[in-house]
Visitor: 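Here it is, the structure in full.
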2 protein chains.
Amino acid sequence: MKYSLRQLEIFLAIARQQNISRAAETLHMSQSAASAALQNLEQSYNISLFNRVGKKLELNEVGKTLRSKAELLVSHAQEFDQALQGHNDIGHLTVGASFTIGNHLAVTHLAGYLADHPEAQVDINVANSSDVVGQVLNFEVDIGMIEGEIKHRELELIPWREDSLVVFCSPEHPLAKKQSLTDKDIKQARWILREPESGARQTFNNALAGLMPDLDVYLEFKHNEAIKKAVEAGLGIGCLSEIVLQNNFKTGELVPLKLPKRDMKRTFYFALPKKRHKTAAIDWWVEECNRGG
Amino acid sequence: MKYSLRQLEIFLAIARQQNISRAAETLHMSQSAASAALQNLEQSYNISLFNRVGKKLELNEVGKTLRSKAELLVSHAQEFDQALQGHNDIGHLTVGASFTIGNHLAVTHLAGYLADHPEAQVDINVANSSDVVGQVLNFEVDIGMIEGEIKHRELELIPWREDSLVVFCSPEHPLAKKQSLTDKDIKQARWILREPESGARQTFNNALAGLMPDLDVYLEFKHNEAIKKAVEAGLGIGCLSEIVLQNNFKTGELVPLKLPKRDMKRTFYFALPKKRHKTAAIDWWVEECNRGG
DNA sequence: TTTAGATTATCGGTTTTATCGATAACGAAC
DNA sequence: GTTCGTTATCGATAAAACCGATAATCTAAA
């Protein structure tokens, strides 16, 4: 065995950052040491892991293959470290979640999770769905929670729960009195929506596929709160997950609108790297999220 | 991560040998270094792995738990080492096999295995079934091939193939002319058998359960060949697996005897440590052995 | 009880390895 | 060409792994 776990950690950090200097920072070591460690690993086995194309460090084919194996091994090694430390598994976890899920669902489940594993340290990293997938594939988070169905060779999607988008407006809005919206209403309304990359917007686009070209998309925001505020101010009508709207409907600040025959259902997924080692913590998290709540 | 793979290797060697000095030998290092490494590991995590009862080093409860995890981890690490070396898996393997299986079946399968994996280095370690189980549980062999059904909490048995024991004598023996043996014949005969610990003998005992007290067990040997020679010389009649006798029946040196209503069937098993990491090599071996042959 | 044999722990010293800071080399962008 | 950001290299230092010798400890036989 001509390598050390330390070398693998360094290799993986470099693979993640695609940059030796920054990798060294995350490991709290000097750049020269990181560089030397990587060279050492490569020389011991007479292989090269990266394409040094000028500035950029990119994993080559060999590197890609070895990286996922190394990630697996280091993950095992860390689990063993925990076993050595007595606590069989404390439950440390890093979750990547899309905006909607992260801010509304993940936080409530976090409470339940921490109740079961008081020692655990959980990071919830909120970003849009496609960034979350990136983090998952780059091993920056242990598990992702996303909205869209994103296909990727290295990604495993586990269906979690159903969700529905709801169209809504302020109580003062002219449409607020209507039982349900006609296609004409839809075309005439001013829409305030999430950005096109978001999961919610993609579901919206699919549901209104035929009408899309005629829609008046008045404003686009990256955050649900901004959309709610804008709609509340009467700037237009919005469409968001029922999850983020429930409270506002209850208090009457906002009112739901019905769109007959438009299916706005979608599925939330867990996203894991294929053949990732499943930590106990990961299992616990999935279990917690599947608990009625 | 306050441990190194090297420390784990040393820990595992010591666990296997129950003796630091001998463990150091197998690792080609000094006794003092091995001792220091173990102490280091224990001190870094403030745990003790062994009961130092005078001379004997015995794994304590913590040690036992950690050992199997460490064995798993090191096994992974070695696989990764192979991946680094380019050959995704050469197929190195250490097989523990009982006498009968090892000398007759394993060697023929070895040929097939090596044909598929020319780079592989395979050790076949022949011992009696219970010793093989010990080796498996002690991680001294990657996979065991045994005859008896041995139960153990940490052992996984995978049925492999059926086998039958056959009673036989020399062509000159008085019984050679009989179509089949009566209970009287069985009691009057001089038996030449394997030792009581052997798988063959245990099957024999079971089959003749009622008659055992009345049997005349004239000679016991640990090796099939010795029994065949003795029977050939007319010293008595024997009972061995059909596998080791086929050739002798063909040439007429020995002749089979029929025992009506006595079931001498048994099953051969693969034996693995439960939750052992299944190397590609292990899978290949099992596959090879299941091939028609 | 003493003693011989075997085993483990400890000590000082040597070699190897990891890491650092400084600096050189390199490529990209202006 | 100059500058900026990045990686490789160099000499030096601190940490560690390891060795041989020796002391301490235990077992079992005399």
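Numbers restart at 1 for each chain; the letters A, B, ... are given by sequence-line order, proteins then strands. Computed from a predicted model, the values in this text were never measured in an experiment.
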Visitor: Evaluate salt bridge (Lys or Arg N to Asp or Glu O under 4.0 Å) for B/E9 paired with B/R6, printing each intermediate quantity in order.
Guide: CA-CA 5 Å; B/E9 286 178 335; B/R6 182 64 174 158; 3.2 Å; yes
Visitor: For B/E25 and C/dT8, give me the distance from atom CD to atom P, rounded to whole Å.
Guide: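 Taking CD of B/E25 and P of C/dT8, I get 11 Å after rounding.
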Visitor: Return no unless some side-chain N or O of B/S32 is found under 4.0 Å from OP1 or OP2 of D/dC19.
Guide: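 B/S32 to D/dC19 OP1/OP2: no side-chain N or O under 4.0 Å.
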Visitor: Rounded to the Å, how far apart are A/M29 CE and C/dG21 C1'?
Guide: 14 Å
Visitor: I need the CD-P distance between A/Q17 and D/dT6, as an integer number of Å.
Guide: 12 Å
Visitor: Among C/dA9, D/dC19, C/dT19, which nucleotide has an atom closest to any side-chain atom of A/A36?
Guide: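 The listed nucleotide nearest to A/A36's side chain is C/dT19.
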Visitor: As a test of reading the structure: which of C/dT8, D/dC19, D/dT7 is closest to the side chain of B/Q31, going by heavy atoms?
Guide: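 For the B/Q31 side chain, the nearest candidate turns out to be C/dT8.
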Visitor: How long is the span from the CD atom in A/E147 to the CD1 atom in A/I101, to the nearest 0.5 Å?
Guide: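 A/E147 CD to A/I101 CD1: 5.0 Å, rounded to 0.5 Å.
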Visitor: Tell me: CG of B/L38 to P of C/dA9, nearest whole Å?
Guide: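 Between P of C/dA9 and CG of B/L38: 7 Å.
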Visitor: Which nucleotide, C/dT7, D/dT6, D/dA8, lies nearest any side-chain atom of B/N19?
Guide: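 Within the option list, the nearest is C/dT7.
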Visitor: For the pair made of CD in A/Q43 and P in D/dA8, what is the distance, rounded to whole Å?
Guide: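 So the two atoms are 11 Å apart, to the nearest Å.
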Visitor: CZ of B/R22 versus C1' of C/dG5: gap in Å, rounded?
Guide: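 Roughly 14 Å, once rounded to whole Å.
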Visitor: What orientation do A/F11 and A/F50 show, parallel under 30°, tilted 30 to 60°, or perpendicular over 60°?
Guide: perpendicular
Visitor: So, does B/R6 get its side chain near the phosphate of D/dC18, meaning an N or O under 4.0 Å from OP1 or OP2?
Guide: yes
Visitor: Please tell me which of the listed nucleotides, C/dT19, C/dA9, D/dT7, lies nearest to the side chain of A/I20?
Guide: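 Of C/dT19, C/dA9, D/dT7, D/dT7 is nearest to the side chain of A/I20.
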Visitor: Determine the contact category for A/Q39: base if any of its heavy atoms lies under 4.0 Å from a base atom, sugar-phosphate if only primed atoms, P, OP1 or OP2 are that close, otherwise nothing.
Guide: sugar-phosphate
Visitor: Of all the choices, D/dC18, C/dT19, D/dT6, which nucleotide is nearest to the side chain of A/S30 once you look at every atom?
Guide: C/dT19
Visitor: Could you label the plane-to-plane angle of the B/H117 and B/W284 rings as parallel, tilted or perpendicular, counting under 30° as parallel and over 60° as perpendicular?
Guide: parallel
Visitor: How many whole angstroms separate atom CD of A/E58 from atom C1' of D/dT6?
Guide: 15 Å
Visitor: Kindly say if A/N40 contacts the phosphate of C/dT17, meaning a side-chain N or O under 4.0 Å from OP1 or OP2.
Guide: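 Checking A/N40 against C/dT17: no side-chain N or O falls below 4.0 Å of OP1 or OP2.
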Visitor: Nearest 0.5 Å please: distance from the CG atom of A/D81 over to the CE atom of B/M1.
Guide: 6.5 Å
Visitor: Taking atom P of C/dC26 as reference, at what distance in whole Å does atom CG of A/L57 sit?
Guide: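 It is 16 Å, rounded to the nearest whole Å.
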Visitor: Check this one for me: any side-chain N or O of A/S21 less than 4.0 Å away from OP1 or OP2 of D/dT7?
Guide: yes
